[in-house]
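As structure tokens, the structure follows; a few thoughts come after it.
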2 protein chains.
Amino acid sequence: MHYNIINELGELALGSRLKRLSDYIYREGKELYRNNEIEFEPRWFPVFHLLAKGEIVSVVEIADSINVSHAAVSQTVKELAKNKLVSVYSHKTDKRKRELTLTEKGFELHKKMAPLWNDIATALNDMIRQHKHHLMAAMQEVENDFETLSFVDRITKVKNERLQREVNILDYKSEYAHYFKALNIEWLEKYFYVEDYDKKVLGNPEKYIINAGGAILFAEFEGEIVGVCALLKYNEEEYELTKMAITEKAQGKQVGKKLGLAILERAKRLKAKKLVLESNKILKPALNLYERLGFKFVYKDFSTSAYQRANVYMEKEL
Amino acid sequence: MHYNIINELGELALGSRLKRLSDYIYREGKELYRNNEIEFEPRWFPVFHLLAKGEIVSVVEIADSINVSHAAVSQTVKELAKNKLVSVYSHKTDKRKRELTLTEKGFELHKKMAPLWNDIATALNDMIRQHKHHLMAAMQEVENDFETLSFVDRITKVKNERLQREVNILDYKSEYAHYFKALNIEWLEKYFYVEDYDKKVLGNPEKYIINAGGAILFAEFEGEIVGVCALLKYNEEEYELTKMAITEKAQGKQVGKKLGLAILERAKRLKAKKLVLESNKILKPALNLYERLGFKFVYKDFSTSAYQRANVYMEKEL
DNA sequence: GGTAAATAGGTAAGTACTTACATATATTAA
DNA sequence: TTAATATATGTAAGTACTTACCTATTTACC
């Protein structure tokens, strides 16, 4: 073996690879200063160079300018002060602030280093601009993209798309009837209790839902039925979205979203004009999903509701 | 203010910028694992993934493969073992070596994480390949270039070229005569002592060198005369390179090289066929320079030499 | 067969940042 | 005017590596 696996790992080892290059540059920078008999640390550069512009600035202002934490600047300034390269005064009016400037020695060192910095910029620029892919430009593009949509959000998006692709929606079949009951009882027993009306409907979905002109859809993931959702017909124009249940171990797999979208499609196919649903305030993730599906909260008197547990009512026009 | 100066700093803050991006990726990676309820650290990835291939390998072999120090691997393995993800056995025959493999738990975790890693690679690749400058490709080009010629060597080369440009070669003028004497006496007194023959020649260069058909060149740096070198004519074909002196504070500024090259040029203009010189073994940097200028060491009996200090003789055909 | 040199791998401390937490002071809202 | 909140800064500890140094073996060479 002994082949280099890092390239094969590609984007997955990007952090490690960036660190390696960063470490290399700091190391070489250090040696360069040593070779030139300059007592200076590469990490001081951004702060030092900013101060050399002559503007009197504070720790936080520097941190914002060079995109590091104020703690990093605080530490750097401490070292620079110890090396007598910057002087620290407290602000005239704002006693929290500290004013930083280069000392005489600092300005002298800056002048002494200017040609070397010029050489560094020249050498690196000469190298990089000959490349097909310009490193600085590439980093800029990456940084910009991560600012638009974070690393985590990008991966989460891809993951959710994958999971949605992996979830299949299946139409009602009598051999699935027991899942309809089991999945609903699972969550009812967890959060509330099974009401008589539940027992009736769950025990005979064919009679109460299918034959009544409604629909039941199942979600399948990795060969298992992991979710259900039903449409209960009120009249030609109005249906109730009901009996949505997703098994606990399939949570976070976008099953609810895919099932919800499928049930909306089905409602449209049935020429429904309006969907309603009843739920409970404590079911936060469910309410969240309903909102993302386009349902709106509507005030309602629940004294006539079929369910004891209902205290939230939602509607969606199709 | 509050504008971002890092971009303005360009290549000079490259190390800092790479670290920032690297840190960001590790941070986000960590959060991603947390979100997915996976107990895993981003830094474990290269080692873990390599071991998951099923090949039984040692610490050093892993370090070579993923281009980090063996110490880093050793630390990672320690953590992985603590988390019961790898098992460590000692090698049957080589007792220095340790054999590493994933545990059952390790393989299970790897299987569990595979889809997420796929999502990471997909998301990052989707992003990066849309860029005009591909980050991975750019890093590859930079790494390759640094392998060919190191960061330090690149900058040193640019610096030396600059210094050579900043050194000017001036022809003999009688008002420079005192520099000829002073610069030579400076180094003679440091390493040896001033011989009578030196005093004679240095005191009257016009008579002993210029009028005798030789030449004297001066090197000027930042408005000051910092070096001299002379050609002493033996006959129509043969000259001696002599009285080369560079002031201490101008050392390392490529003065010698530029002066040497200029004196070779002058010798050619004078139709010299051969250059000779006498020096001393202890003058290592000088001998080094002569070699780089193309002089070869030749054995010689020094009993007839004009100088007490001579114990090295060199020649160069033109 | 003995010894110098090379190899394997561990530990401690350093590096250039970070986060978390703490304090002091300033600003805003009631 | 007071209390809540925001801002400025510092310190300690964490992170993902490194170098430096150490011991234990193995290999190479005379």
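Convention: sequence-line order gives letters A, B, ...; per-chain numbering from 1.
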List the residues meeting side-chain hydrogen bond (donor to acceptor under 3.5 Å, both in side chains) with A:Asp126, not counting sequence neighbours, and say none if there are none.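 With neighbours one apart ignored, the set is A:Arg129.
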With a non-hydrogen cut-off below 4.0 angstrom, is A:Lys19 in contact with a base, only sugar-phosphate, or nothing?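 A:Lys19: base contact, heavy atoms under 4.0 Å.
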Indicate, with a heavy-atom threshold strictly under 4.0 Å, whether A:Thr93 touches base, sugar-phosphate, or nothing.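 Result for A:Thr93 = sugar-phosphate.
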Nearest-angstrom distance from the residue atom [atom1] of [X] to [atom2] of [N]:
X       : N      : atom1 : atom2 : answer
B:Leu14 : C:dC17 : CG    : P     : 12 Å
B:Leu18 : D:dT18 : CG    : C1'   : 16 Å
A:His70 : C:dA20 : NE2   : C1'   : 10 Å
A:Tyr89 : D:dT9  : OH    : C1'   : 19 Å
A:Lys92 : C:dT25 : NZ    : P     : 18 Å

Is a side-chain donor or acceptor of B:Ser74 paired with a backbone partner of B:His70 at a separation under 3.5 angstrom?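 Not confirmed, B:Ser74 side chain does not pair with B:His70 backbone.
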Can you tell me if B:Glu99 uses its side chain to pair, donor with acceptor, with the backbone of B:Tyr89 under 3.5 Å?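 Side chain of B:Glu99 to backbone of B:Tyr89, a donor-acceptor pair under 3.5 Å: no, none is there.
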Ignoring hydrogens, what is the shortest heavy-atom contact between [X] and [Y]? Give both atom names and the distance.
X        : Y        : answer
B:Asn311 : B:Lys281 : OD1-N, 2.8 Å
A:Asn280 : A:Val312 : C-CG2, 4.0 Å
A:Leu135 : B:Leu135 : CD1-CD1, 4.0 Å
A:Phe40  : A:Tyr33  : O-CD1, 3.4 Å

Can you tell me if A:Ser58 touches the phosphate of D:dT9, counting only side-chain N or O atoms and a distance under 4.0 Å to OP1 or OP2?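 Yes, such a contact exists.
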Criterion side chain to side chain donor-acceptor pair (under 3.5 Å) on B:Asn83 and B:Glu79, from CA distance to verdict: CA-CA 6 Å; B:Asn83 283 270; B:Glu79 279 180 70; 5.6 Å; no
Candidate pair B:Asp153 and B:Lys157, rule salt bridge (Lys or Arg N to Asp or Glu O under 4.0 Å), full reasoning: CA-CA 6 Å; B:Asp153 290 346; B:Lys157 201 174 147 217; over 6 Å; no
In chain order, what residues pass the ring pair (Phe, Tyr, Trp, His ring centres under 6.0 Å) check against B:Phe221, with sequence neighbours excluded?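 If we apply the ring pair (Phe, Tyr, Trp, His ring centres under 6.0 Å) test to B:Phe221, skipping adjacent residues, there are no hits.
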Taking only the side-chain heavy atoms of B:Ser69 (C-beta and beyond), determine which of D:dT18, C:dA26, D:dC17 contains the nearest atom.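 Shortest atom-to-atom distance from the side chain points to D:dT18.
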On DNA chain C, check which nucleotide each of A:Asp94 and A:Glu41 is closest to and give me the residue with the more 5' one.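 Checking each residue's closest nucleotide, the 5'-ward one belongs to A:Glu41.
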Got a list of protein N/O to nucleotides 1-7 of chain C N/O distances below 3.5 Å?
residue	atom	partner	partner atom	Å
C:dT7	O2	B:Arg96	NH1	2.7

Quick test of your reading: applying salt bridge (Lys or Arg N to Asp or Glu O under 4.0 Å), list the pairs with at least one residue in residues 67-77 of chain B, sequence neighbours left out, ordered by first then second residue.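 Every pair satisfying salt bridge (Lys or Arg N to Asp or Glu O under 4.0 Å) with a residue in residues 67-77 of chain B: there are none.
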Would you jot down, in residue-number order, the residues of residues 23-37 of chain B having a non-hydrogen atom under 4.0 Å from DNA chain C?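 The answer is B:Asp23, B:Arg27.
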Can you sort out which residues in residues 71-79 of chain B have a heavy atom within less than 4.0 Å of DNA chain C? Ascending by number, please.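 Hits under 4.0 Å, by residue number: B:Ala71, B:Ser74, B:Gln75, B:Lys78.
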